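Model, not experiment: these values are computed from the prediction.
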Amino acid sequence: MTTSPSSSSSPSSSTHTRPSTILVTGGTGKTGRRVAALLNARGIRARVASRRSADGPDAVRFDWADETTWPAALDGVRAVYLVDSQTPTAPAELRAFTELAAAHGVERVVLLSARVLAEVGDPAWLATEDAIREGSVPWTILRPTWFIQNFLEEPLIVGAVSASADELRMPTGEGREPFIDAEDIAEAAVAALTGEGHAGQTYELSGPEALTWGEAVAEIARATGRALRFTPVDDEEALEVLTAAGWPREFVEQYLPLLAHIRHGRSATLSDGVQRLLGRAPGSVAAYTERVAKETA
């Protein structure tokens, strides 16, 4: 089983701080909006940051490519949930941002990374993590596996579907992935943002079982009543599908090795980060689809 650096803390022993404000970058995204909702539900002020104007009294415009938007976002903030720009300039942006955050008195940052980046082992993919580790603000890094929500909230992986049917075409073959519920990622992030004992820790987060893409799509189809299906393709066709959907070719060419890693059976291991952070087992694909089915009934 894939493991992370050990932590001396446990969910039952961690004490909790009450930061005056927590900045949530990517605050309208899949994990960010869930992190903000959980913080607000627990009486902790979440400042939702996004490139577009967000709704709410604590919303703020924030653009990684525009450093003039950073100071206002950091005003009065004591902790930050970081979702980087996922561009070649992301490491430099994070270095500059964390330096500014330290000057504003920020006491901790929690970075959303990805487990597959560490598994593939290309230093370029881990440069954003390195940027956070090199900064002066205490950090925690979360490395989740593929989100279950990617199947329905993008929808079906940002257009990687045929024009005539709900068909997902990806080069993952029969490779297995322990898909994780974004709700678990959000809870893990809130625990790291508000609890003690997480500084300097890297938590790998996965679901409780490894499924093939076909199995996951079949489960979602069953729960939603949609005629969804999965068709494995090779890298060449995946490049064509994803670029036709609007993805930059250069990004797709860098992205395909991550999918090949899954196809070759190297991403099926389970990780214990959810248990270590939350003291419970992670949610399954079946539990997620049951929840979706109830919400859409």
Show me the pairs that pass salt bridge (charged side-chain N to carboxylate O under 4.0 Å, His left out) and involve residues 205-223, at least two apart or across chains.
Arg176-Glu215, Glu219-Arg222
Donor-acceptor pair, side chain of His264 and main chain of Ala260, under 3.5 angstrom:
yes
Using a 3.5 Å distance criterion without hydrogens, assess whether the side chain of Thr172 forms a donor-acceptor pair with backbone atoms of Trp213.
no
Could you walk me through whether Tyr81 and Thr31 pass the side chain to side chain donor-acceptor pair (under 3.5 Å) test, one step at a time?
CA-CA 10 Å; Tyr81 178 65; Thr31 63; 2.8 Å; yes
How about Glu99: does its CD atom have over 12 heavy atoms from other parts shown lying under 6.0 Å from it?
no
Passes side-chain contact (heavy atoms from CB on, under 4.5 Å), Phe97 versus Val109? Steps please.
CA-CA 11 Å; Phe97 179 81; Val109 294; 5.5 Å; no
Between Arg115 and Glu119, is there a salt bridge with N-O shorter than 4.0 Å?
yes
Does Arg133 qualify as a cation-pi partner of Trp139, given the criterion of NZ or CZ under 6.0 Å from the six-membered ring centre and within 45 degrees of its axis?
yes
Of Thr25, Val77, Val80, which meets side chain to side chain contact (heavy atoms under 4.5 Å, CB included) against Arg47?
Val77
Under 4.0 Å between a side-chain nitrogen and a carboxylate oxygen: does that hold for Arg266 and Glu177?
no
Between Asp234 and Arg169, is there a salt bridge with N-O shorter than 4.0 Å?
no
Side chains of Arg280 and Val274 in contact at under 4.5 Å (non-hydrogen atoms)
yes
Polar side-chain atom of Thr202 near backbone of Ile141 as donor-acceptor pair, under 3.5 Å:
no
If you draw a 6.0 Å radius around CD in Glu240, do more than 12 non-hydrogen atoms from other residues or ligands fall strictly inside?
no
Checking Arg33 side chain against Gly27 main chain: does a donor-acceptor pair fall under 3.5 Å?
no
For the side chain of Arg78 and the backbone of Leu23, is there at least one donor-acceptor N/O pair under 3.5 Å apart?
no
Heavy-atom pair of closest approach, residues Pro232 and Gly173
CB-CA, 4.0 Å
Charged N-O contact under 4.0 Å between Arg263 and Glu174
no
Tell me if a side-chain donor or acceptor on Asp84 pairs with a main-chain N or O of Leu94 at a distance below 3.5 Å.
no
Sequence neighbours excluded, the answer for side chain to side chain donor-acceptor pair (under 3.5 Å) partners of Thr243 is none
side-chain contact (heavy atoms from CB on, under 4.5 Å), that's the test. Do Ile148 and Ile180 meet it? Break it down for me.
CA-CA 6 Å; Ile148 301 172; Ile180 187 166; 5.7 Å; no
Does the ring pair (Phe, Tyr, Trp, His ring centres under 6.0 Å) test come out yes or no for Tyr288 and Phe179, once each step is laid out?
CA-CA 10 Å; Tyr288 166 73; Phe179 300 99; over 10 Å; no
Could you tell me whether a side-chain N or O of Thr140 sits under 3.5 Å from a main-chain N or O of Ala192, the two making a donor and an acceptor?
no
Would a distance-only check, ignoring hydrogens and angles, find a side-chain to backbone donor-acceptor pair under 3.5 Å from Arg143 to Gly273?
no
Heavy-atom closest contact (Leu258 atom, Leu117 atom, distance)
CD1-CD2, 3.9 Å
Parallel, tilted or perpendicular: which fits the ring planes of Trp64 and Phe62, with parallel below 30° and perpendicular above 60°?
perpendicular
Glu253/Arg249 under salt bridge (charged side-chain N to carboxylate O under 4.0 Å, His left out): CA gap, chis, key distance, verdict:
CA-CA 6 Å; Glu253 289 174 342; Arg249 184 183 183 90; 3.1 Å; yes
Would you check, one step at a time, whether the test side-chain contact (heavy atoms from CB on, under 4.5 Å) holds for Leu205 with Asp184?
CA-CA 9 Å; Leu205 313 175; Asp184 286 343; over 6 Å; no
Check this for me: does any side-chain nitrogen of one of Arg51 and Asp66 sit under 4.0 Å from a carboxylate oxygen of the other?
no
